[in-house]
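Beneath this line is the structure, given in structure tokens, with notes to follow.
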Amino acid sequence: MAKIAKRSEDYSQWYLDIVMRAEMADYAPVRGCMVIRPWGYAIWERMQRALDDMFKATGHQNVYFPLLIPQSFLEKEAEHIEGFALECVTVTRVGKEPLEEPLVLRPTSETIVWAMYKKWIQSWRDLPLLYNQWANVVRWEMRPRLFLRTTEFLWQEGHTAHATAEEAIEEAERILEVYRTFAQEWMAMPVLSGRKTDAERFAGAETTYAIEGLMQDGKALQAGTSHYLGQNFAKAFDVQFQNRDGDLQYVYATSWGVSTRLVGALVMSHSDDDGLVLPPKLAPIHVVIVPILKAEADNAAILAAAHRAAESFAEAVEVKVDDRDNVSPGWKFNEWELKGVPVRIEIGPKDLAKGQVVVVRRDTGRKTPIAQEEATARVQAILEEMQGSLFAKAKERLDANCRNADSYDQFKHTIEEVGGFVFAPWCGRPECEAQVSDETKATIRCLPDEAEACPACMVCGNGPARRVPFARAY
RNA sequence: CGGGGUGUGGCGCAGUCUGGCUAGCGCGCGUGCUUUGGGAGCACGAAGUCGCGGGUUCAAAUCCCGCCACCCCGACCA
């Protein structure tokens with residue numbers, strides 16, 4: 001079977017090869033759409049579970065809103081419709097009859113959510129409303145890419161309503177922190193986080209916060225966003241409540257989401273030329289046991305030992321015995337490496353004789369013989385160690401790819417020749433931001449809270465300026 | 001939307017320029033035997049309206065006209 005493309009030679013093809021060959025997803029018959037296959041979906045399910053627990057732990061409840069949104073709803077918030085108009089897919093007909101009003105396949109649900117919030121919110125006692133939904137959305141993007149940007153994608157979208165701006169901002173920032181924690185502790189993906197510039201802000205938001213990861217090719221990837229919506233949607237949908245003093249006030253809002261794009265981010269964060277590398281906390285299978293069968297050996301005893309080992313692991317981790325007899329051990333090694341299973345255990349006649357198993361780590365490829373009775377404990381320790389070391393390695397790469405530039409020439413050179421995040425002084429004017437983006441295709445990824453003060457903008461030379469991270473992004 | 005490319009068994013391709021015999025090759029798939037510590041070998045076998053529609057011709061995967069779809073690179077986006 002053909003090898004996957006080399007990461008260093010054709011990054012884009014390498015990414016596609018891993019997604020396809022690890023059987024995470026496949027192209028569907030409709031442009032830009034994909035089928036998420038069991039291995040990809042199992043990873044998404046693991047992400048969902050972890051995130052859902054975090055949302056519940058911060059007081060949110062799950063709901064479900066419909067897929068179809070009356071077109072007029074989208075049009076109620078001017079900036080919102082302007083932002084989404086070009087990518088909305090609209091249903092206009094039932095059978096052969098045209099619909100009274102066209103229905104949009106939700107590109108995001110703020111409008112229909114707020115149409116309903118109007119019914120449910122009258123008093124300060126009804127607030128806050130902390131809802132989340134797991135759903136699919138449709139955006140007819142110009143350039144699809146498996147997991148990273150598909151026409152239809154899965155995500156969660158939180159929609160919350162609050163009595164005060166302070167409380168809503170606090171919520172948006174709390175969720176940003178949830179995302180940051182999830183990215184780092186579960187995906188082992190270090191991120192930059194902060195506010196977006198006005199140019200990069202979500203259509204209809206006052207403030208957008210985001211986490212930004214750095215892929216192995218030096219491009220940034222927006223991995224999650226949390227928006228403070230102010231009273232924009234409350235005003236568009238006339239959602240008012242009576243406060244403690246009996247005054248009518250518009251409600252303050254947030255919305256926030258992460259999507260199946262995270263699966264793509266995961267692939268791009270840790271994988272290598274042998275395929276996917278999964279952080280143990282998100283791996284659908286932690287340990288695969290490959291029995292090594294031989295014509296001259298007692299295969300029944302080897303298989304029994306493999307299943308016994310699996311039982312001893314079963315309580316602690318997800319384990320699978322690959323006892324297929326139609327493919328060779330070498331084939332299995334390659335396949336499970338391609339799929340990113342963190343630990344492989346080989347049990348053959350030699351091991352049986354020595355009372356040991358051979359343990360192989362996916363990230364380092366190191367093979368270690370371990371006594372049978374110690375295997376469970378040692379493997380658990382290895383999994384924990386691997387989770388940490390994947391993060392450490394990714395963090396090291398991120399840090400190594402955060403560079404400063406002080407002049408615009410130096411900036412251009414670094415963006416062009418080196419990539420990564422380039423921290424450079426910016427005065428805050430949209431004109432300078434746009435010029436950089438036009439000339440270098442690099443954008444300001446976020447405005448970190450602790451951004452260093454600088455005397456002059458690298459573009460216009462005016463002060464005061466702050467040092468902010470630019471990058472080319474997916 | 002601009003640029004490039006591709007459509008031929010499940011996958012990857014050759015064949016198209018220069019029309020012609022039974023449309024080939026590799027992988028995969030099925031059966032059997034031998035194998036199995038880094039993508040096994042042999043034997044036999046199944047599987048193709050050549051993207052769609054029209055046209056030219058004795059004859060079209062191949063030439064002509066029209067259409068469609070998907071992929072890749074850019075601008076937009078999670």
Side chain of A:E335 - closest among B:G39, B:C73, B:G37: B:G39
Spacing of A:N326 atom CG relative to B:A40 atom P, expressed in whole Å: 11 Å
A:K367 (side chain) and B:G38 (base): donor-acceptor pair under 3.5 Å: yes
Sugar-phosphate only, base, or nothing, as touched by A:G348 at under 4.0 Å among non-hydrogen atoms: base
Identity of whatever pairs with B:C52 - Watson-Crick or G-U, under 3.5 angstrom: B:G66
Geometric cation-pi criterion A:R344 and A:F333, 6.0 Å radius, 45° cone: yes
Sugar-phosphate only, base, or nothing, as touched by A:R344 at under 4.0 Å among non-hydrogen atoms: base
Donor-acceptor pair, side chain of A:Q216 and main chain of A:S271, under 3.5 angstrom: yes
Nucleotide B:C77, atom P - distance to NE2 of A:H227 in whole Å: 12 Å
Which nucleotide in B:G38, B:C72, B:C77 has an atom nearest any side-chain atom of A:S12: B:C72
Among B:C77, B:C72, B:A40, the nucleotide that comes nearest once only the side chain of A:Y27 is considered: B:C72
Least distance between heavy atoms, A:M189 atom then A:A223 atom: CE-CB, 3.8 Å
Test item: A:H286 side-chain N/O and A:P280 main-chain N/O as donor-acceptor pair under 3.5 Å: yes
Check: A:K339 main-chain N/O paired with A:W39 side-chain donor or acceptor under 3.5 Å: yes
Sugar-phosphate only, base, or nothing, as touched by A:T150 at under 4.0 Å among non-hydrogen atoms: base
Within residues 280-304 of chain A, residues whose heavy atoms come under 4.0 Å of RNA chain B: A:I292, A:L293, A:K294, A:A295
Phosphate OP1/OP2 of B:A40 contacted by A:S328 side-chain N/O (<4.0 Å): yes
Interatomic distance, A:K196 NZ vs B:C77 P [rounded to whole Å]: 10 Å
A:R49/A:D53 salt bridge by N-O under 4.0 Å criterion: no
Most 5' of A:G365 and A:L16 on RNA chain B, judged by nearest nucleotide: A:G365
Whichever of A:G224 and A:L352 has its nearest RNA chain B nucleotide further upstream toward 5': A:L352
Candidate nucleotides B:C76, B:A40, B:G37, ranked by approach to the side chain of A:E141 - the nearest: B:C76
Sugar-phosphate, base or nothing in reach of A:V358, heavy atoms under 4.0 Å: base
Per A:P329 side chain, nearest of listed nucleotides B:G38, B:G37, B:G74: B:G37
Value in whole Å for how far the P atom of B:C72 lies from OH of A:Y11: 15 Å
Closest nucleotide among B:C72, B:G38, B:C77 to the A:E87 side chain: B:C77
Touch class at under 4.0 angstrom, heavy-atom based, for A:G213 against every strand present: nothing
Complementary nucleotide for B:G10 - Watson-Crick or wobble, under 3.5 Å: B:C27
Nearest-0.5 Å distance that lies between atom CD1 in A:I382 and atom CD1 in A:I370: 4.5 Å
Distance in angstrom units between A:L148 CG and B:C72 P, rounded: 11 Å
Sugar-phosphate, base or nothing in reach of A:K350, heavy atoms under 4.0 Å: base
Phosphate OP1/OP2 of B:G74 contacted by A:R143 side-chain N/O (<4.0 Å): yes
Separation of atom CZ in A:R145 from atom P in B:G74, rounded to whole Å: 8 Å
Summary of protein contacts for nucleotides 42-47 of chain B, nucleotide by nucleotide, where a base hit scores B, a sugar-phosphate-only hit scores S (4.0 Å, heavy atoms): ------
A:T225 versus A:Y179, closest heavy-atom pair with distance: O-CE1, 3.4 Å
Complementary nucleotide of B:C77, counting Watson-Crick and G-U pairs under 3.5 Å: none
Nucleotide nearest A:E346 when distance is taken to its side chain, options B:C77, B:G38, B:G37: B:G37
Pair assignment for B:C42, Watson-Crick or G-U wobble, requiring both distances under 3.5 Å: B:G32
For A:R106 against A:A135, the heavy-atom pair lying closest together: NH2-CB, 3.6 Å
Donor-acceptor contact below 3.5 Å, side chain A:E171 vs main chain A:T254: no
Smallest separation among heavy atoms of A:R7 and A:D273, with atom names: N-OD1, 2.8 Å
Donor-acceptor contact present, side-chain A:E141 to main-chain A:R143, <3.5 Å: no
Quiz item: A:R139 side-chain donor-acceptor pair to B:C77 base, under 3.5 Å: no
Value in whole Å for how far the P atom of B:U36 lies from CG of A:D323: 18 Å
Distance, rounded to the nearest Å, where A:D273 contributes CG and B:G38 contributes C1': 16 Å
